[in-house]
Amino acid sequence: MAKNSKGKIIVEIIKNKCIGCSNCIPVCPPDALFMKDGIAELDIEKCIGCGKCVKVCPTNAIIIEKAIKKEPQIEPLVSAQKSSIAAYKGIWVFIEQEHNAPHPVSWELIGEARRLALKLSAAVSAVILGGKKEELEVFAREAMQFGADSVYMASSESLLEYRTKPYAEGLVQIVNKYKPEILLIGATTLGRDLAGAVATRLKAGLTADCTGLEINTENLFLEMTRPTFGGNVMATIFCENVRPQMATVRPHVMPMPKKDAARVGKIIFDDLKLPEAEIDTKVIEFIVDAVCSDSGLHYADVIVSGGRGMGKAENFSVLRELAFVLCGAVGASRAAVDAGWVDHSYQIGQTGVTVRPRLYIACGISGSIQHRMGMQCSDCIVAINTDKNAPIFDIATYGIVADAIKFVPVLTKIFREKLAGKNVFAGVEK
Amino acid sequence: MHIVVCIKQVPDSTQVKIDPVTNTLMRQGVPSIINPYDIFAIEEALRIKDKFGAKITAISMGPPQAKDALKKAVSLGIDEAVLLSDRAFAGADTLATSYCLACGIKALNKENPVDLVICGKQTVDGDTAQVGPGIAVRLGFSQLTYIEKIEKIDFERKEIFVYRHAEKGKQYLKSRLPAVITVLDGINELRYAPLPELFRAARYQVKAWDKKLIEIDENLCGMKGSPTAVKRVFAPTPRQRGEMVSFNERNPEETARALTEKLLINKNG
């Protein structure tokens, strides 16, 4: 039993279990815990062995060898919250649409919500905001074909183009009115901008960029799993006392559900008052990206990427050609960007774009840790490199020791023959 | 003109790993750095200062040693640096973090009205991109995220013109100051620390504010103010080394055929 010089029984920190969340720091009455080098440290002379830190540690990294008295913990605030959260029901999916096109992640999330709904015995609803009611109705019907039981719809002139303020205001109004238990939003630039604002307004818990969702069978909380530390660590997050439980979910992670043209449901329409005069941000222009641009990279099903081994800027043309045949986008490693062969917007990796295509073809890329962090979640990785010891081969589904500059045109030729213009890698089903 | 830059001290996330056997975090000996995305925010603030003249204050929330990150910011040309540090702030999720930072910025605003708050896109340890929007909502400032370029700022008319990255292109937006903007990586390239600033940083005393020094509700900070909690951490399933397809140098077409067949079968199967 660990004791300090005053003879007090004290807690012990198991250093390799500590994740540095610092939850224990504020609960310690004598201020005996502090952070050092990213993990908790104990001033053993200050410790009174109360065990409060033991209770709040998510990874059981703090232990004490005595029974901790369980204090009656039913504070009035908590029980009031408990009864109010029971009023929140159903799983909602935010349908992201911009310029009259819904984002596919919205449909993926309806499929996922259906799966979760089975475990909660809850209904699945879509929520859709936009400028023109007639256009939204088309998407609302589509949402029901993908699996939504009903659709909450709101339109307003000021929702024609996406802007944070009116969208957040609109979504907050609808959530407060109908009270969903769970609200899922795609982790796109629009979704993450909106979710951050909405969660702050609702004072709700929000978990970003999730790659896994599950319902805890005991307490029925939503458990949200997400990569942190650039994908080196996975964390499962939950939210106990506040509703809705909000999450943004990474596109391309959940399978695309099948459409059922016979499915129909109810549309609940709200006409929102969002006066333009109260919105400070105005959209002057929307500049649509050319193909193979940075934003094409984010959601491309196929990416053909080049590194130092491509030798010079001109050689990227062979990659563009292969990408064209595969209906994909072109990416690059930092080495190729630093050499000035392609623009920074092409860069894949820690300080560039993170991608998750179905097929990633790495050409002349050695595969530094920084690059791998940006692409290692791809479904299938093909690596073409002259160095048989290149680390990229450690994560490649298929590796070929060859000079990419010479081999890629051959590969393009064969693909062209076999595919004859068909887009076989498009994101339908996994 | 007063610009506030929000920064975070983070472990170099490329070096943080999970022990795949014991499922524990291995972060001992991992160096602490300024969140790489925040470097772009610092440089963007410096560029505005170069053009218009402005005072730049860097603010951070974290343990006492996060002062090192703020000192580094001073060495790059930031004028003042404030660390919000209190054990009541520890264990915060993004909701509590943005509350605490907003309280700190409100305190700065009282001394010298803030026109612009600049944040990085996200941190490399948390990767949430939620704190910037949280601060904007709490302060009631315009929220402009994923900014590719600041086209024009008119401090007199309180107007800002920016290009914002969107899913299918970019939005050219006009908005009002004060605003919170989060900048994309690659928006600029960081300058070298100028020698006089390096000397200044060495002597600079970072201001440390605790819960008593600013107006803040303790119940909304740290773990108490955080609706979310971590249940567990674990290692991602490691990617297995796959198959090497032998390269037929005399007949590369054969290799290409073998590879495309594997890819197309893999696709259909």
Side-chain angles (χ1 to χ4, degrees), chain A residues 16-17 19 21-23 25-26 35 38 58 98 164 188-190 192-193 196-197 200-201 205-209 228-230 232-239 242 280-289 295 344 351 369 376 394-402 407 410-411 414-415 418 424, chain B residues 11 13-14 16-18 24-25 27 36 63 87-88 90-91 124-130 133-134 137 142-143 145-146 165-176 185-186 222-223 227-234 236 239 241-245 247 252-253 256-257 259-260 262 266-267:
Chain A
N16 63 1
K17 277 195 173 182
I19 57 169
C21 71
S22 65
N23 281 358
I25 311 294
M35 297 298 289
E98 206 167 13
T164 315
T188 59
T189 48
L190 189 160
R192 292 175 82 169
D193 181 81
T200 310
R201 296 267 314 264
L206 168 63
T207 306
D209 206 22
T228 67
F229 293 103
N232 284 335
V233 177
M234 303 299 288
T236 302
I237 315 278
F238 70 103
C239 175
V242 189
D280 285 331
T281 303
K282 312 285 175 195
V283 180
I284 300 173
E285 197 188 350
F286 191 94
I287 303 125
V288 179
D289 270 332
S295 109
H344 175 80
T351 49
I369 171 76
Q376 63 194 0
D394 291 337
I395 60 162
T397 323
Y398 301 110
I400 295 170
V401 180
F407 183 62
V410 181
L411 192 59
I414 303 296
F415 262 125
K418 292 209 173 197
V424 289
Chain B
S13 65
T14 54
V16 177
K17 290 210 173 56
I18 287 253
T24 53
L25 208 59
R27 63 191 286 172
R87 54 194 197 102
V124 294
D125 58 346
D127 292 311
T128 72
Q130 286 170 192
V137 169
S142 308
Q143 174 179 330
T145 58
Y146 300 102
H165 180 82
E167 290 301 306
K168 287 185 224 146
K170 52 185 149 221
Q171 291 180 312
Y172 183 39
L173 300 172
K174 172 189 164 185
S175 194
R176 276 193 72 75
D185 34 313
M223 202 179 57
T228 62
V230 179
K231 189 188 179 195
R232 67 178 191 122
V233 292
F234 57 99
R239 218 182 160 103
R241 193 184 169 96
E243 179 190 339
M244 294 303 284
V245 180
F247 180 59
E253 279 201 20
R257 251 175 235 288
L259 178 66
T260 51
K262 283 175 198 292
N266 188 17
K267 174 69 208 157

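As the structure is a prediction and not an experimental result, all values here were calculated from the model. Below, chains carry the letters A, B, ... as their sequence lines are ordered, and counting in each starts from 1.
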Counting only heavy atoms closer than 4.5 Å, note whether A:Thr164 contacts chain B via side chain, backbone, both or neither.
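Just the side chain, heavy atoms under 4.5 Å.
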Side chain / backbone / both / neither for A:Phe407 at chain B, heavy atoms under 4.5 Å
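It is the side chain, since no backbone atom gets that close.
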Hey, could you give me the [atom1]/[atom2] distance between [X] and [Y], rounded to the nearest 0.5 Å?
X	Y	atom1	atom2	answer
A:Lys282	B:Gln171	NZ	CD	13.5 Å
B:Thr260	A:Ile414	OG1	CD1	6.5 Å
B:Tyr172	A:Ile287	OH	CD1	9.0 Å

Using only atom types and a distance under 3.5 Å, with no angle test, would you say the side chain of [X] pairs donor to acceptor with the backbone of [Y]?
X	Y	value
B:Glu167	A:Thr189	yes
B:Gln143	A:Ala197	no
B:Arg232	A:Thr236	no
B:Lys262	A:Tyr398	no

Which atoms of [X] are under 4.5 Å from chain A, going by heavy atoms: the side chain, the backbone, both sets, or neither?
X	value
B:Thr128	both
B:Leu173	both
B:Ala88	backbone

Looking at every non-hydrogen atom in both residues, tell me the closest pair between [X] and [Y] and how far apart they are.
X	Y	answer
B:Thr228	A:Thr207	CG2-OG1, 4.2 Å
B:Gly169	A:Phe286	N-CZ, 3.9 Å
A:Phe229	B:Asp127	N-OD2, 4.0 Å
B:Ala90	A:Ser22	CB-O, 3.5 Å
B:Val233	A:Ala235	CG1-CB, 4.0 Å

Do B:Met223 and A:Ile25 have side-chain heavy atoms sitting under 4.5 Å apart?
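When only atoms from C-beta onward are counted, A:Ile25 and B:Met223 do not touch, as no gap falls below 4.5 Å.
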Going through the checks in order, is the side-chain contact (heavy atoms from CB on, under 4.5 Å) test met by B:Arg239 and A:Thr397?
CA-CA 9 Å; B:Arg239 218 182 160 103; A:Thr397 323; 3.5 Å; yes
Check step by step if side chain to side chain donor-acceptor pair (under 3.5 Å) holds for B:Thr145 and A:Asp193.
CA-CA 7 Å; B:Thr145 58; A:Asp193 181 81; 2.4 Å; yes
Taking every heavy-atom pair that is under 4.5 Å apart, which of A:Leu190, A:Val283, A:Ile400, A:Leu411 has the most such pairs with chain B?
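Most heavy-atom pairs within the cutoff with chain B belong to A:Ile400.
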Which one wins on heavy-atom pair count under 4.5 Å against chain B: A:Ile284, A:Ile369, A:Val401?
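Ranked by contacts with chain B, first place is A:Ile284.
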